[in-house]
Amino acid sequence: MNYHRASWLCSAISRKHGTACLRYYSQGTRNTAKAKAQSKIAHIDAERHFSPALVDSFHRKHDYLRISLTERCNLRCFYCMPSEGVELSPADHILTDDEIIRLANLFVRSGVTKIRLTGGEPTVRKGLDGIIRRLNELRPLGLESIGMTTNGIALHRRLPSYVENGLTHLNLSLDTLDPFKFEIMTRRPGHDAVLRSLDVALHSPGLRSVKLNVVVVKGLNDSEVLDFVRLTADKNISVRFIEFMPFTGNKWDKAKMIPSSQLLEIVSGEYPSIIRAPDELNDTARSWKIPGHVGSLGFISSMSDHFCSSCNRLRLTADGQIKVCLFDAKEVSLRDEMRRGASDAELLNVIGLAVQGKQEKHAGMEDIDVITNRPMILIGGTQPRKSRVRSLPRLPAHAYFLDDTLLLPHLHRRWSSSSSQSDLRLTHIGSDGRPCMVDVGNKDVTKRSATASGRIYIPRSAYNLVTGSGDADSTDKTIQKARSKGDVMTVAQLAAIMGCKRTSDLIPLCHPLQISNVSVTLTPECGVSPVPPPGDQGGLEYSIKCTATVACEGKTGVEMEALTAVSVGLLTVWDMLKAVAGKEMKIGEIIVTHKTGGKSGDFTRDA
Ligand code: SAM
Ligand code: SF4
């Protein structure tokens with residue numbers, strides 16, 4: 001029995017009896033609390049059956065089960081979901097509600113006291129209310145808490161019902177307080193909805209704890225750490241900073257990960273009075289508190305300082321595999337056993353074998369198996385999925401690092417427009433000579449599309465950095481700095497899409513349009529230079545071509561949207577590379593290459 005367990009129990013007991021929560025102790029109170037808690041736990045442990053199947057060869061008791069309810073998600077967080085997507089299991093491979101409850105029942109009867117629902121995104125699973133209600137019925141068997149980790153997108157209206165059915169603990173994932181960055185990190189809109197969910201959660205008396213999970217990624221959201229800390233001033237929330245972890249397809253790089261120790265230094269620089277707070281039993285977070293703040297902080301250092309020795313978790317994936325360690329690719333299918341007719345005793349035997357196979361600790365940061373292990377979305381979600389990757393709505397930037405180098409002689413430009421160029425009237429100037437919007441009220445709604453492209457010319461060193469070739473392994477500080485900004489192509493691609501959607505906010509007289517699709521590609525090119533470029537580049541010039549195709553059904557065309565997408569995409573590449581190439585880059589050749597629909601007809605122009 002350790003101190004943390006004792007202190008946790010004391011707080012649990014005080015909660016149960018409606019007394020104030022005993023979270024912080026003087027040394028004297030701590031010793032008394034520890035002694036009382038020790039005797040109470042010894043009593044409970046003696047009373048309660050704990051199956052040897054849930055104890056591993058390092059004597060760790062596994063009383064915490066995380067159940068993934070689905071592989072689906074309404075966000076696409078870059079660190080969780082590979083950019084090329086994941087293949088979803090066929091529907092009949094996913095555990096049914098009855099199978100989930102049967103396994104939960106077995107685990108609880110064997111000693112599990114905490115269940116957490118996760119995913120994918122658990123709130124997208126149909127019948128979630130019913131699952132929570134049926135889990136709640138396991139309380140008499142020993143279940144003490146039902147938690148859920150969610151992105152909060154579809155939560156605010158449903159949360160009261162989940163709590164009514166038995167949900168007690170909520171972890172909300174939110175990595176940024178900036179709506180724009182939110183779209184970059186999650187590749188989807190929805191920041192407002194998450195904030196609303198947070199508000200509802202904080203006003204739900206039935207919830208015993210509300211935590212905010214923040215994955216910190218260098219160069220993306222690390223500048224917001226203190227903003228998150230400020231949230232704890234008047235909100236009863238625990239903000240937990242999580243180290244960025246490597247999973248298949250998430251392009252993890254040590255340089256993008258900020259160790260918890262460094263984050264703590266940043267926080268204590270601003271709040272020197274910060275104190276260590278008691279951790280919850282077996283909690284993965286090291287807790288801290290700023291005196292005077294209502295909430296608290298936690299640091300989850302899965303990478304820099306793992307907590308394997310006290311790990312008490314087992315995971316059940318949505319397709320019914322038991323996983324004994326997040327970072328171990330080994331899995332055993334409980335679904336197949338159940339569907340083959342296994343009895344509970346046989347299932348427990350299989351679980352026991354898996355638990356016995358649990359390693360003492362996971363591999364070091366650099367050696368974690370990201371090849372055969374699943375992406376996070378499928379862990380929280382048996383087979384390695386590598387060969388089963390399918391393209392979801394395309395995010396092709398990922399491919400550039402693999403094979404996309406094109407050797408192109410630059411084409412000369414040629415018009416092949418079918419439209420007349422004789423009408424030189426400026427459509428945005430009214431009869432009084434002043435700027436105005438064009439009234440499109442009488443125009444027909446038609447299908448329209450436009451493609452635009454442009455290039456950013458960059459020096460070879462930056463090109464190698466972006467494509468992962470040549471001297472990309474350089475230890476040069478500026479190169480590392482640029483690389484730490486993340487995946488240049490992916491960020492530029494997302495920025496282009498977001499820029500496109502905001503065209504009417506940026507270009508004063510543009511109409512807001514209902515865009516039905518935006519697709520953006522960035523392609524590294526290496527061509528023979530017409531004029532010798534600066535430096536020794538062997539007569540070659542290096543560029544990244546950005547192409548955007550936008551579609552809509554509307555009364556006016558989408559050329560401006562396509563041009564904005566390309567411009568923002570290229571500017572983002574500039575921003576990402578300026579540390580290594582700021583003095584040499586140039587952007588140009590931004591043109592509309594193709595257009596369909598509308599009265600002025602179709603045209604094509606070579607880029
Ligand atoms: N969709 C839900 C959500 O986002 O909260 C539940 C599933 S998600 C896989 C569970 C947690 O894992 C989230 O808090 C998420 O931020 C975290 N996570 C996912 N990928 C991660 C990574 N590469 N490194 C650190 N944490 C990660
Ligand atoms: Fe979805 Fe959660 Fe993964 Fe984000 S972290 S993609 S919300 S499962």
Side-chain angles (χ1 to χ4, degrees), residues 184 219 395-401 403-413 450-472 478-479 481-500 502-503 506 518-550 559-594 605-607:
I184 290 188
L395 279 172
H398 185 65
Y400 304 131
F401 292 87
D403 57 10
D404 242 359
T405 301
L406 300 177
L407 255 174
L408 294 176
H410 287 154
L411 298 163
H412 70 276
R413 323 287 171 227
T451 301
S453 70
R455 286 188 177 81
I456 178 165
Y457 289 90
I458 57 180
R460 183 168 59 184
S461 56
Y463 180 87
N464 288 341
L465 179 66
V466 170
T467 55
S469 53
D471 59 1
T478 47
I479 292 201
K481 192 168 158 199
R483 192 181 297 151
S484 71
K485 281 206 160 193
D487 177 335
V488 174
M489 304 289 209
T490 305
V491 175
Q493 185 194 30
L494 291 169
I497 293 172
M498 291 168 67
C500 168
R502 293 186 181 185
T503 304
L506 299 171
V518 185
S519 104
V520 176
T521 58
L522 288 113
T523 316
E525 293 179 348
C526 171
V528 181
S529 172
V531 217
D536 176 20
Q537 302 204 150
L540 296 175
E541 66 182 2
Y542 298 86
S543 60
I544 294 171
K545 180 179 174 186
C546 180
T547 307
T549 299
V550 183
E559 295 96 306
M560 286 308 296
E561 280 67 15
L563 288 165
T564 307
V566 167
S567 308
V568 173
L570 294 174
L571 285 171
T572 304
V573 174
W574 184 297
D575 181 46
M576 307 275 292
L577 295 180
K578 62 181 188 264
V580 291
K583 295 187 187 130
E584 292 172 66
M585 293 185 288
K586 65 180 184 202
I587 287 178
E589 301 162 20
I590 301 179
I591 56 168
V592 175
T593 56
H594 187 63
R605 178 191 189 189
D606 287 336

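Gly499 approaches Leu506 most closely through the heavy-atom pair O-CD1, 4.5 Å. The two residues Gln493 and Val520 come nearest to each other via the heavy atoms NE2-O, 2.9 Å. Heavy atoms only, all atoms of each residue included: Ala565 and Cys500 are closest at CB-CB, 3.7 Å. Listed here is the closest heavy atom pair of Met576 and Val488: CE-CA, 3.7 Å. In this structure, Met489 and Pro524 approach most closely via the heavy-atom pair CE-CG, 3.5 Å.
Annotation: the span from Arg455 atom CZ to Ile544 atom CD1 amounts to 11.5 Å, rounded to 0.5 Å. In this structure, OG1 in Thr564 is found 14.0 Å from CE in Met498, a value given to the nearest 0.5 Å. In this structure, the separation between NZ on Lys586 and OG on Ser543 is 10.0 Å, given to the nearest 0.5 Å. One finds the CD atom of Glu559 at 10.0 Å from the OG1 atom of Thr451 (value rounded to the nearest 0.5 Å). In this structure, NE2 in His594 is found 8.0 Å from OG1 in Thr549, a value given to the nearest 0.5 Å. To the nearest 0.5 Å, the span separating CD on Glu584 from OH on Tyr542 amounts to 12.5 Å.
Considering only residues two or more places apart in sequence or on other chains, Thr547 meets the side-chain hydrogen bond (donor to acceptor under 3.5 Å, both in side chains) condition with none of them. For Ala462, the side chain to side chain contact (heavy atoms under 4.5 Å, CB included) partners two or more places apart in sequence, or in a different chain, are Ile458, Pro459, Leu577, Val580, Ala581.
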Would you tabulate the side-chain donor-acceptor contacts of residues 567-574 under 3.5 Å, counting partners in other chains and residues two or more places apart, or write 'none'?
{"residue": "Ser567", "atom": "OG", "partner": "Leu563", "partner atom": "O", "Å": "2.7"}
{"residue": "Thr572", "atom": "OG1", "partner": "Val568", "partner atom": "O", "Å": "2.7"}

